[in-house]
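Here is the structure we will look at, set down as C-alpha cells.
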Amino acid sequence: SPGGVFQERDKTQTDQNVLKNEQSLQLIINNLKKGDHRDVVKYLFRPLDIFNYRELKLFVHGDAGSSQGSVSYYKSLQDHGSDIYFRFGTDTLNYYEYKRPLRAGWVNSNISINFAELTGIKSIRDLDSIPTNDLFEVPVEGKEGHFYGIRGKPTLTKITFLQFGIYNTPKKSG
C-alpha cells in the first residue's frame, strides 16, 4: 500500500474491529508500441451518484527501476514513457477524465480528482463555445503535466462506467 493509506474500518459490524477490503487492479502490459493505448473498463448495472462527494483518490504504482523504453520510464514531462488516465461518466461519449504521466514507484503516484474543479471546466468550455463531442482539457492547477478533461455532457449523478487506461506517448527521448 502507498504510504499514509490505511484500511477503513467496517462500521456495519459495530461489535467487531473488521477492516474493509482494499480494492486494487494489477495491469501487466508488454510490448505497448508508441502511440498505442490499453484500457480496463467497469460498467455499472446501477448508476452511481457521486454528486455529494468532494474528491476521488486513486493510487498508481509504476514498475520501479524503469529504464528508457518502459511505460513507467520518467525523466521529465518532455521525456517519459506513458500517460495514464482515468475516465468516468455515462458512456464513452460523455465522461470526465484525469490524465498524468506514469512514474515508477509510489512517488507522486496519486490521482486526486477535485469534483468542484472538474465540473467547473464545463462552464469554461461552454463559454468558449468548444464543441462538446471533442475532449476539452485544462491543466490541473499546481500539478504540472496533469490535466482534467471533459467530453460530451457528463454528470456526477449518473456514473455508469469507470475506465482506467495507459497511453504510450509518441514523444522521443533525447
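Sequence positions, counted from 1, serve as the residue numbers for this chain.
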### Message
Show the nearest heavy-atom pair for residues Arg87 and Glu97, with the distance to one decimal.
### Response
NE-OE1, 2.5 Å

### Message
Looking at Lys143, I'd like to know if its NZ atom is crowded, meaning that more than 12 non-hydrogen atoms belonging to other residues, nucleotides or ligands lie closer than 6.0 Å.
### Response
yes

#### Entry: Ile166, Ile29, Leu32 screened by side-chain contact (heavy atoms from CB on, under 4.5 Å) with Ser82, the one that passes
Ile166

### Query
Should the pair Lys99 and Tyr85 be classed as cation-pi, given the thresholds of under 6.0 Å to the six-membered ring centre and 45° from the axis?
no

### Task
Check whether any side-chain heavy atom of Asn114 sits under 4.5 Å from a side-chain heavy atom of Glu55, and report yes or no.
no

#### Entry: Atom of Leu118, atom of Ile121 and distance for their closest heavy-atom approach
O-CG1, 2.9 Å

### Query
From Thr155 OG1 over to Asn94 CG, what is the distance, rounded to the nearest 0.5 angstrom?
10.0 Å

#### Entry: Arg103 backbone acceptor or donor facing Ser72 side chain under 3.5 Å
no

### Query
Would you say Thr132 and Asp134 make side-chain contact, with heavy atoms under 4.5 Å?
no

### Message
Does either side chain, that of Ser112 or that of Asn110, offer a donor lying less than 3.5 Å from an acceptor on the other one?
### Response
no

### Query
Atom OG1 of Thr157 and atom CZ of Phe51: how far apart are they, to the nearest 0.5 Å?
8.0 Å

#### Entry: hydrophobic_cluster_shared for Leu102 and Val140, side chain cutoff 4.5 Å
yes

### Message
Can you confirm if the NZ or CZ of Arg151 lies within 45° of the ring axis of Tyr95 and under 6.0 Å from the centre of its six-membered ring?
### Response
no

### Task
Just do the side-chain contact (heavy atoms from CB on, under 4.5 Å) check on Arg9 and Val18 with the steps written out, would you?
CA-CA 6 Å; Arg9 186 176 164 270; Val18 177; over 6 Å; no

### Summary
One should read off an interatomic distance between Ile113 CD1 and Thr119 OG1, to the nearest 0.5 angstrom, of 12.0 Å

### Message
Surrounding NE2 of His37 (heavy atoms of other residues, nucleotides or ligands, distance under 6.0 Å), is the total greater than 12?
### Response
no

### Query
Just wondering, more than 12 heavy atoms not from Asn31 lying within 6.0 Å of its CG?
no

### Query
Given Asp39 and Phe164, is the side-chain contact (heavy atoms from CB on, under 4.5 Å) satisfied, shown in steps?
CA-CA 6 Å; Asp39 306 302; Phe164 181 82; over 6 Å; no

### Query
Does Val60 belong to the same Ile/Leu/Val/Met/Phe/Trp/Tyr cluster as Phe147, with side-chain heavy atoms less than 4.5 Å apart forming each link?
no

### Message
Could you see if Leu56 belongs to whatever hydrophobic cluster contains Val41? Use Ile, Leu, Val, Met, Phe, Trp, Tyr and a side-chain cutoff under 4.5 Å.
### Response
no

#### Entry: Nearest-0.5 Å distance that lies between atom CD in Gln163 and atom CG in Asp91
11.0 Å

### Task
Locate the shortest heavy-atom distance separating Leu162 from Phe86; write the atom from each residue and the value.
CD2-CZ, 4.1 Å

### Message
Looking only at side-chain N and O atoms, does Glu117 offer a donor or acceptor that is under 3.5 Å from a partner on Tyr148?
### Response
yes

### Within one Ile-Leu-Val-Met-Phe-Trp-Tyr cluster: Val40 and Leu58, side-chain cutoff 4.5 Å
yes

### Non-hydrogen atoms of Pro101 and Gly145 that approach each other most closely
CD-O, 3.3 Å

### Message
In this structure, is the centre-to-centre distance between the rings of Tyr96 and Phe88 below 6.0 Å?
### Response
yes

### Message
For the residue pair Arg100 and Tyr98, would you count it as a cation-pi contact if the rule is NZ or CZ under 6.0 angstrom from the ring centre and within 45 degrees of the ring axis?
### Response
no

### Query
Linking I/L/V/M/F/W/Y whenever any side-chain heavy atoms sit under 4.5 Å apart, do Ile50 and Tyr43 land together?
no

### Query
Counting only heavy atoms not in Lys122, do more than 12 fall under 6.0 Å of its NZ?
yes

### Query
Checking Thr169 side chain against Gly81 main chain: does a donor-acceptor pair fall under 3.5 Å?
yes

### Side-chain H-bond candidate by donor/acceptor type, Tyr74 with Asp79, under 3.5 Å
no

### Query
After noting the C-alpha distance and the side-chain angles of Asn133 and Leu93, does the key distance pass the side-chain contact (heavy atoms from CB on, under 4.5 Å) rule?
CA-CA 7 Å; Asn133 59 337; Leu93 297 175; over 6 Å; no

### Query
Which value, rounded to the nearest 0.5 Å, describes the distance between His61 atom NE2 and Leu27 atom CG?
13.5 Å

### Task
Give, for atom OG1 of Thr14 and atom CD of Gln16, the distance between the pair rounded to the nearest 0.5 Å.
9.0 Å

